[in-house]
Structure formats: C-alpha cells, structure tokens
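Here is the structure we will look at.
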Amino acid sequence: MRLDELGDWRRTHLSNEITPELASAEVTLMGSVVDVRDLGGIKFLILRDAGGTIQVTAPKAKTSRRILAKIDSLSKESSIAVRGKVVTAKQAPRGMEVVPTDIKLLNAAITPLPLDPTGRVKADLDTRLDSRLLDLRRPKTMAIFKIRHKVLQIVREFLVSKGFIEVNTPKIVATATESGAALFPISYFEREAFLGQSPQLYKEILTGCFDRVFEIGPIFRAEEHDTTRHLNEVTSVDIEAAFVTQEDVMRILEELIVRVFNRVKQRCAGELKVLKHDLKEPNPPFPRITYGEALKKLDDAGVKVPWGQDLPTPAERRLGELVGGTFFVVDWPTETKPFYIMPHKDDPKLCCAFDLMHEGLELASGGTRIHQEKLLIKQLRQKGLNPKRFESHLKNYRWGLPPHSGFGLGLDRLVMVLTGAKNIRECVLFPRDRRRLVP
Ligand code: ATP
Ligand code: MG
C-alpha cells in the first residue's frame with residue numbers, strides 16, 4: 001500500500017477539542033484508525049488520538065472517489081491524517097463529526113493484529129504486555145497511565161510546596177542499602193557493581209546540605225517473588241528531611257496520601273469512570289497500630305507470625321481485613337528493619353520505623369534514621385555487615401550530618417490502589433519480573 005508523506009500537514013485539533021463552536025471550520029486531525037464501516041450511502045471512520053475518538057463521516061454522494069477508495073484501504077490501527085469540515089451531527093457519538101476533504105495514510109498497520117485495542121475482545125495480561133503499544137491504545141490501559149502521570153504531578157507539587165528539593169542519585173552503586181541478597185550485580189569495567197535497591201544512603205547524606213530532598217526514580221530488587229504486588233524494577237517516591245523525626249514524616253506522608261486521593265478524584269474523574277473505579281478517600285488521621293498489636297490481631301485470627309519477622313503477604317492481607325482502610329504499623333522489631341533505622345532509646349529491641357498499609361498492601365516504609373556514626377557502625381555489625389565497606393558513607397557522619405527521617409513510597413503500588421488494578425503489572429508500562437525482560 002502506498003504511504004503518504006506527512007509533508008506540511010500539522011494537527012490543528014485533538015478529537016476532544018472538536019466542539020460545537022467549531023462548526024463549519026476546517027480542521028486537521030491525526031491519529032489511529034479504530035474502525036471503518038460502510039453503511040450503504042455513508043462511510044464512517046473512527047479516529048483515535050490522545051484526546052479520545054471522533055467520527056469521520058463521508059457521504060458517498062458528496063465525497064470524491066479517491067477519498068472513498070482511501071477509506072476502504074485503511075486497516076485498523078493505521079496511522080492517518082484527516083483534513084475536513086466540522087459538522088454538528090446529533091447521531092454522532094460526541095454530537096460532532098468531520099466530513100473529510102482529504103486523507104493521508106501515514107503508516108499502515110498489518111492484519112490481523114495480535115490484540116484488539118478497542119478492548120471488546122478480552123486478552124490475558126501476558127498477551128497484552130507482549131503487545132504493549134496496542135494495549136496502551138485501549139481506553140482502560142490509557143486511563144491508568146493518565147492517572148499515573150497526574151499522580152506524579154500532584155506528588156511533585158506537594159513535596160515542592162513543603163520545601164523539598166528534587167534530586168537524582170546514582171543507580172549504579174557499590175554497596176547494598178537494604179539487604180545484600182536482593183542486589184542485581186552488573187559488570188562495571190574491571191569491577192563488580194550493583195543496581196541500586198534504594199536511594200537511601202544518598203538521600204540521607206543530602207539532608208546535610210539541602211535539608212529536605214525527594215527523588216522519584218527506579219529501584220531494583222533481585223527478589224524471586226512472583227506476586228501481583230512485586231516487580232524487580234519499581235519506581236519509588238523517596239523523601240528525606242533534616243531536623244525531624246518519624247512522627248513528622250508520617251504526618252507528611254499522611255497529608256501526601258490524602259492530597260493524592262483527593263486530587264485524583266477531582267482531576268481524573270473521566271479516567272476513573274472509564275476504569276469503573278469508585279475511589280474512596282482515606283480520612284486522616286490514619287489509625288496506628290504497633291507491630292506487637294498487629295501480631296496479636298493476626299494470632300487471634302489464626303495467622304501465626306513469629307516475633308521479629310516481617311509480615312508475609314498473606315498476613316498483610318489478613319491484617320488489612322482486620323484493621324481496614326489506610327493505617328500505620330509502628331514500633332517494629334529492630335531486627336526486621338535495615339541498619340540505618342534508629343532503635344528506641346529505652347527499648348533497643350524496637351525501632352523508630354513505620355509502614356503505611358492500605359487495605360492489606362504495604363505502600364511505604366520509613367522511620368527516624370541514625371545520625372551518629374558510632375551507633376550506625378554498631379547496627380551495621382549487628383546486621384552482619386562490614387563497616388569498612390561503608391567507609392565512604394560513614395565519613396559523612398563525621399561532618400555534622402543532622403538528625404533526619406524519611407520514607408520510601410512505592411509509586412506503582414500507589415497507582416494500583418488509585419486505579420483499582422489488581423496486578424501491579426497493569427500500572428507499569430513495561431514491567432520487569434522474574435520471567436519478563438522484554439518488551
Ligand atoms: P515488601 O515487604 O512488600 O516486599 P519492602 O518492605 O521490601 O516491600 P521497602 O524496602 O520498604 O519494601 O520499599 C519501600 C516501598 O517501595 C514499599 O513499601 C513498596 O511500596 C515499594 N516496593 C519495594 N519493593 C517493591 C517491589 N519489589 N515491588 C513493588 N513495590 C516495591
Ligand atoms: Mg517495607
């Protein structure tokens with residue numbers, strides 16, 4: 001099939017910008033072919049672009065043979081440009097349609113397609129992820145990523161308004177921050193390096209100059225889990241602030257979560273409707289239960305978790321049912337949390353750490369950090385880590401690093417909750433898990 005050149009054609013409007021005020025105006029639209037139908041005297045073409053869809057209507061009696069033949073030649077999902085006149089039409093899906101004066105086929109899609117982008121034919125998630133571009137043209141998939149985009153905006157707006165500076169720290173690193181086992185090794189010239197599992201140590205150092213920092217970036221976890229809530233590459237919203245404790249960052253997190261739910265509900269009403277998701281806003285203050293209380297509640301419900309263990313996924317789910325909504329778990333055993341978390345002064349078996357849970361899903365972890373070198377070295381040793389390997393980090397503590405606190409919030413999980421997605425893979429453009437490395 002012969003393709004046309006884009007030439008000097010440029011889009012004048014997106015489909016959702018075609019409003020009654022534009023009646024009789026000439027417009028140029030660009031997008032993909034959703035469908036072509038022939039109803040005897042009229043040919044219909046549905047065009048999709050970033051604004052939605054619009055009907056292009058060609059009455060056979062008034063349209064040139066060349067344009068009619070062109071419409072016939074269009075396969076679904078081909079890339080096209082349509083120039084034409086805007087007409088009000090009660091029977092058209094949006095009350096407006098465009099009568100074409102010229103059409104360009106810019107790139108043709110092959111048939112048959114591996115996936116039906118209208119979403120009418122159901123496809124399993126693996127098939128959808130294999131042909132992600134077509135999947136992303138489905139209204140539901142598109143709605144998830146439009147919400148994700150808004151969430152990023154809202155989070156940035158909020159943190160900047162609270163005096164946080166956005167930073168970017170290296171993702172190629174020499175040492176572990178969470179636990180050594182979960183690292184992806186990479187070859188770095190003549191040495192071994194790793195993909196960063198958290199910006200933790202960098203953001204802590206940066207509180208010593210910027211006071212308050214945040215980073216929205218990838219973290220890599222080499223865990224062999226195969227769940228609907230874990231991936232091996234995720235996006236983390238990390239914050240760290242000087243001269244505050246876990247209490248202060250818990251309040252920031254609470255305010256952030258309430259703000260995100262509220263703004264998404266306001267600004268993404270159309271997307272939530274496409275997803276048929278009734279978003280329930282959490283009410284502050286979020287309840288707090290201690291780790292000990294959580295274990296007791298679980299035990300009463302017949303779920304045994306040994307003291308000192310992180311909550312496994314089934315226990316998290318059960319706890320979510322027992323407590324309900326959005327809540328904090330505080331007073332964790334020091335042994336379950338990373339070395340940089342501050343132990344309680346009067347009871348060092350417990351530490352100043354918290355998890356934020358939403359309906360049985362961990363959204364964030366945070367706490368007060370250790371800012372004294374001696375104590376940090378002690379905690380490193382207690383975790384079986386060699387302080388010598390942390391020398392380049394430890395020296396910062398000799399330069400008056402302030403007391404500080406922070407958290408890491410999983411963006412992909414937050415988007416799951418906001419969109420009602422049951423699988424984290426739905427909320428990541430090109431997810432990375434144990435079996436998936438492409439596309
Ligand atoms: P989990 O216990 O659920 O495996 P974690 O406690 O190991 O998570 P943290 O190190 O506390 O994770 O990371 C902070 C946040 O980043 C988590 O609360 C979660 O929202 C997100 N996160 C961490 N690891 C993953 C992962 N593998 N997949 C998806 N999100 C993750
Ligand atoms: Mg955690």
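Heavy-atom basis, side chains included; hydrogens, waters and symmetry copies ignored. First listed ligand is number 1; within each ligand, the first listed atom is number 1.
- Comparing heavy-atom distances from atom 12 (O) of ligand 1 across Gln197, Lys337, Arg221 singles out Arg221 as nearest.
- Ring-centre distance between His404 and Tyr340: not below the 6.0 Å cut-off.
- The heavy-atom pair separating Glu192 from Pro185 by the smallest distance is OE2-CB, 3.3 Å.
- A 4.5 Å side-chain heavy-atom check between Arg425 and Leu129 finds at least one atom pair inside the cut-off.
- For the residues Asp238, Leu414, Thr235, Val234, the heavy atom positioned nearest atom 25 (C) of ligand 1 is part of Val234.
- The proximity of Arg413 to ligand 1, defined as any non-hydrogen pair under 4.0 Å, is limited to the side chain.
- Distance check, rounded to the nearest 0.5 Å: SG of Cys351 to OH of Tyr291 gives 10.5 Å.
- Ligand 1 has an N or O atom lying under 3.5 Å from an N or O atom of Leu231, backbone or side chain.
- Across Lys276 and Lys140, no two heavy atoms sit closer than the pair NZ-NZ, 4.5 Å.
- Among the atoms of Leu363, some N or O lies under 3.5 angstrom from an N or O of ligand 1.
- The atom name of the N/O/S atom in Glu362 closest to the Mg ion (ligand 2) is OE2.
- Residues Ile341 and Thr334 have side chains not in contact (no heavy-atom distance under 4.5 Å, counting atoms from C-beta outward).
- Using a 4.0 Å cut-off between heavy atoms, Thr313 makes no contact with ligand 1 at all.
- The aromatic rings of Phe261 and His358 are tilted relative to each other, their planes meeting at an angle between 30° and 60°.
- Proximity of His225 to ligand 1, defined as any heavy-atom pair under 4.0 Å, is confined to the side chain (atoms from C-beta onward).
- Polar contact with ligand 1: present for Gly410 (N/O pair, distance under 3.5 Å).
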